[in-house]
Amino acid sequence: MMSIAIVDYGMGNVRSVQKAIEHVAPNDQVFLTDNAKLISEADRVVFPGQGAMGACMQALNEHGLVDVIKQAAHEKPFLGICLGLQLLFDHSQENGGTDGLSIIPGDVVKFDKSELKIPHMGWNNVKQEFEHPLWHNIDDNARFYSVHSYYVKEADHSVVVGSTDYGIDFTCAIAKDNMFAVQFHPEKSQHDGLQLLTNFVNWKT
């Protein structure tokens, strides 16, 4: 039996992520936790997030989770979801400027309100920029569900494995070594979302 820790720092509907992963991994131990020791001991880590980046970083610091998330992101299969993607980067424009975890070089910037309806909410196509095990059995340009007002601008384009067009082409999925992170919500994206979570559970890094 494999253990899958879902980082729960008190923000966002992490229960929906847990239910989706339990559905695709019924024989594994899937649990929500803010305990650094349990996260460090888990076989795989899922890092979801919703809400404002400043409040999320504050919550991570208050729960003492910054170091263990950085360690997990470098050592074991690691999946970031929504704000769990943005928090991996250096800095965000949100909340007047917020430093992230600096695991992936780059920034988080806001969509231009003059051209687009913000937040970007609903279903949109994801172009697969490169092959990756987490795209297994998912068609190129499959539709996933998103809700966000900011997007990532990576310093190194080699990490980009998925992009979406919303007035501009923006990065919606990155991968590096044992890390994979997405702007969209696989737990809300029906069949293809569940397939991505299945691929994560089966991923041999």
Side-chain angles (χ1 to χ4, degrees), residues 4 6-26 30 32 44-53 55-56 77-89 92 94 104 108-113 115-154 159-175 179-203:
I4 304 171
I6 302 170
V7 181
D8 181 8
Y9 49 94
M11 298 187 66
N13 184 17
V14 291
R15 176 63 181 145
S16 63
V17 177
Q18 181 184 18
K19 288 174 66 177
I21 296 175
E22 286 175 341
H23 177 76
V24 302
V30 183
L32 304 174
R44 295 168 192 263
V45 172
V46 180
F47 182 40
Q50 287 178 255
M53 182 132 165
C56 285
F78 181 96
L79 175 64
I81 297 174
C82 193
L83 200 59
L85 163 69
Q86 296 180 9
L87 285 160
L88 301 179
F89 285 76
S92 174
E94 193 169 10
I104 299 291
V108 182
V109 300
K110 193 166 189 176
F111 285 113
D112 185 348
K113 274 189 176 180
E115 300 178 5
L116 304 165
K117 184 178 178 181
I118 306 301
H120 170 221
M121 181 183 298
W123 295 85
N124 209 334
N125 301 87
V126 171
K127 178 184 178 184
Q128 298 173 17
E129 300 288 347
F130 295 100
E131 290 186 9
H132 191 277
L134 266 68
W135 293 140
H136 178 65
N137 281 340
I138 299 173
D139 290 338
D140 191 16
N141 291 308
R143 292 168 67 81
F144 290 86
Y145 186 84
S146 297
V147 52
H148 60 115
S149 300
Y150 294 78
Y151 64 97
V152 299
K153 293 186 72 173
E154 68 291 336
V159 302
V160 179
V161 292
S163 64
T164 292
D165 181 4
Y166 190 61
I168 59 169
D169 281 327
F170 71 90
T171 296
C172 68
I174 64 99
M179 277 186 288
F180 195 94
V182 296
Q183 183 63 66
F184 52 81
H185 288 271
E187 78 280 7
K188 298 179 182 179
S189 297
Q190 300 180 357
H191 173 78
D192 287 321
L194 292 177
Q195 182 63 54
L196 189 145
L197 295 175
T198 299
N199 295 340
F200 173 69
V201 170
N202 295 327
W203 188 18

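Because the structure is predicted, anything quoted here is derived from the model rather than measured. Note that these values count all heavy atoms, side chains included, but never hydrogens, waters or copies made by symmetry.
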Hey, are the side chains of [X] and [Y] touching, using non-hydrogen atoms and a 4.5 Å cut-off?
X    : Y    : result
N124 : D165 : no
I104 : M179 : yes
W203 : L79  : no
W123 : Q190 : yes
Q128 : I138 : yes
M121 : V147 : yes
P119 : Y150 : no
L196 : W135 : yes

When rounded to the nearest 0.5 angstrom, what distance separates [atom1] in [X] from [atom2] in [Y]?
X    : Y    : atom1 : atom2 : value
H191 : N137 : NE2   : CG    : 7.5 Å
L85  : F47  : CG    : CZ    : 10.0 Å
I21  : L32  : CD1   : CG    : 9.0 Å
D8   : I6   : CG    : CD1   : 9.0 Å
L87  : I81  : CG    : CD1   : 12.5 Å
D112 : I118 : CG    : CD1   : 8.0 Å

List for me each residue that meets side chain to side chain donor-acceptor pair (under 3.5 Å) alongside E154, sequence neighbours excluded, and say none if there are none. H157, T171
Considering non-hydrogen atoms only, spot the tightest contact between [X] and [Y] and give its length.
X    : Y    : value
G162 : E129 : N-CG, 3.9 Å
C56  : Q50  : SG-O, 3.5 Å
G167 : L116 : CA-CD2, 3.6 Å

Any sub-3.5 Å donor-acceptor pair from T164's side-chain atoms to V126's backbone N or O? no
Could you tell me whether K188 atom NZ has more than 12 heavy atoms of other residues or ligands within 6.0 Å of it? yes
Residues 180-187, side-chain donor-acceptor partners within the protein, below 3.5 Å, at least two apart:
from	atom 1	to	atom 2	distance (Å)
Q183	OE1	Q86	NE2	3.0
H185	ND1	E187	OE2	2.8

Out of V30, L197, N199, which one pairs with V24 under the side chain to side chain contact (heavy atoms under 4.5 Å, CB included) rule? L197
For F111, check ring pair (Phe, Tyr, Trp, His ring centres under 6.0 Å) against everything at least two apart and list the hits. H148, Y151, Y166, F170
